[in-house]
Amino acid sequence: MVDARVRKELIDYLFVLYDHVRADLKGLLHELDLTDAQAAALWRLSDEQEMTARQLADRLHCDASTASSMIDRLERHGVVRRVPHPTDRRAKILRLTPRGCELRDQLVRYTTERSPFAGLAPSDQRRLHALLSQSAAGR
């Protein structure tokens, strides 16, 4: 049985990896004129074809007003646009603009190429992916 010390160290490693990625990304975000929160939104919008502001807020673990303010800024910068929801007249769908897709692609390419996992063998990357996916699904 895995003891509490090992579980704590696993969480410690997650924090170290998060800090590494965040520090490495800082220069690119400055160059792209994006905040950490805006980058997180772009990252999450890249995985979904359609997402509402509420769904984005849930994914970012923030309240709807915070997400709405961030979306307003992204919209002013030409990164996202709000379009009518196909079935709910009250809701809007968030769509990346061509500029938003370009920024998202830069963000994804930059982070994956410089990933702390890049030094692992492909088989180890796949094994770690399976383990992390299993852990994330268990929540």
Side-chain angles (χ1 to χ4, degrees):
M1 182 170 193
V2 177
D3 64 16
R5 182 185 58 79
V6 171
R7 288 191 301 270
K8 183 200 174 290
E9 287 179 7
L10 287 169
I11 299 301
D12 288 343
Y13 291 138
L14 286 176
F15 279 116
V16 168
L17 291 169
Y18 173 78
D19 291 343
H20 173 81
V21 170
R22 194 162 175 246
D24 196 41
L25 196 54
K26 193 174 197 165
L28 177 67
L29 294 183
H30 180 72
E31 180 184 317
L32 299 178
D33 194 28
L34 292 171
T35 65
D36 287 345
Q38 290 168 336
L42 273 177
W43 191 274
R44 281 159 180 88
L45 287 169
S46 71
D47 291 338
E48 297 287 331
Q49 291 297 95
E50 295 187 341
M51 186 183 302
T52 64
R54 175 76 253 166
Q55 290 167 321
L56 180 60
D58 290 345
R59 294 242 171 135
L60 295 173
H61 305 289
C62 67
D63 60 50
S65 64
T66 300
S68 185
S69 296
M70 181 178 25
I71 295 163
D72 288 343
R73 287 190 302 276
L74 289 171
E75 197 169 34
R76 282 193 301 274
H77 283 81
V79 175
V80 298
R81 61 188 169 97
R82 292 174 169 109
V83 297
H85 191 285
T87 60
D88 184 350
R89 291 185 350 195
R90 298 166 297 163
K92 300 285 186 192
I93 297 293
L94 303 174
R95 292 236 172 94
L96 292 176
T97 63
R99 174 173 155 64
C101 289
E102 182 181 312
L103 290 175
R104 179 225 32 225
D105 292 348
Q106 276 185 271
L107 180 66
V108 170
R109 187 172 42 256
Y110 185 88
T111 54
T112 56
E113 287 173 358
R114 300 168 69 97
S115 166
F117 306 119
L120 297 175
S123 61
D124 290 337
Q125 289 181 35
R126 286 189 293 277
R127 191 170 76 228
L128 180 58
H129 179 275
L131 291 169
L132 292 174
S133 177
Q134 181 182 350
S135 294
R139 294 218 29 106

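If you're wondering where the values come from, they're calculated on a predicted model, not measured in any experiment.
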ask   = Counting only heavy atoms not in Q125, do more than 12 fall under 6.0 Å of its CD?
value =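 Result for CD/Q125: enclosed.
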
H85 NE2: over 12 foreign heavy atoms closer than 6.0 Å =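 Yes - once you tally the heavy atoms of other residues, nucleotides and ligands closer than 6.0 Å, there are more than 12.
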
query = Transitively linked via ILVMFWY side-chain contacts under 4.5 Å: F117 with Y110?
reply =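 No, it is not one cluster - the side chains of F117 and Y110 are not joined through contacts under 4.5 Å.
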
N/O donor-acceptor pairs under 3.5 Å from side chains in residues 10-21, not counting sequence neighbours:
{"residue": "D12", "atom": "OD1", "partner": "K8", "partner atom": "NZ", "Å": "3.3"}
{"residue": "D12", "atom": "OD2", "partner": "K8", "partner atom": "NZ", "Å": "2.7"}

Report the distance from atom [atom1] of [X] to atom [atom2] of [Y], rounding to the nearest 0.5 Å.
X	Y	atom1	atom2	answer
T111	L28	OG1	CG	8.5 Å
L32	R99	CG	CZ	8.0 Å
L103	L96	CG	CG	9.0 Å

ask   = Looking only at side chains, do D63 and T66 share a donor and an acceptor under 3.5 Å apart?
value =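 Their side chains do contain a donor-acceptor pair, which is all the 3.5 Å distance test asks for.
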
task = Carefully, step by step, assess V80 and T97 under the rule side chain to side chain contact (heavy atoms under 4.5 Å, CB included).
result = CA-CA 5 Å; V80 298; T97 63; 5.6 Å; no

request  = Determine, stepwise, if the pair V108 / L42 fulfils side chain to side chain contact (heavy atoms under 4.5 Å, CB included).
outcome  = CA-CA 9 Å; V108 170; L42 273 177; over 6 Å; no

From CA spacing to verdict: side chain to side chain contact (heavy atoms under 4.5 Å, CB included), E31, L29 = CA-CA 5 Å; E31 180 184 317; L29 294 183; over 6 Å; no

Given L74, V83, I71, the one that forms side chain to side chain contact (heavy atoms under 4.5 Å, CB included) with L94 =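 The residue from L74, V83, I71 that satisfies side chain to side chain contact (heavy atoms under 4.5 Å, CB included) with L94 turns out to be I71.
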
query = Can you name the residues that form a side-chain contact (heavy atoms from CB on, under 4.5 Å) with D33, not counting sequence neighbours?
reply =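 If we apply the side-chain contact (heavy atoms from CB on, under 4.5 Å) test to D33, skipping adjacent residues, the hits are H77.
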
key: Carboxylate-amine/guanidinium contact R82 E75, below 4.0 Å   =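 Looking at R82 and E75, the cut-off is met.
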
ask   = By salt bridge (charged side-chain N to carboxylate O under 4.0 Å, His left out), which residues pair with D36, not counting sequence neighbours?
value =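 D36: salt bridge (charged side-chain N to carboxylate O under 4.0 Å, His left out) contacts with R22.
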
task = For side chain to side chain contact (heavy atoms under 4.5 Å, CB included), just list the numbers for S69 and R73, CA-CA rounded to whole Å, side-chain angles, deciding distance to a tenth of an Å, and then say yes or no.
result = CA-CA 6 Å; S69 296; R73 287 190 302 276; 3.9 Å; yes

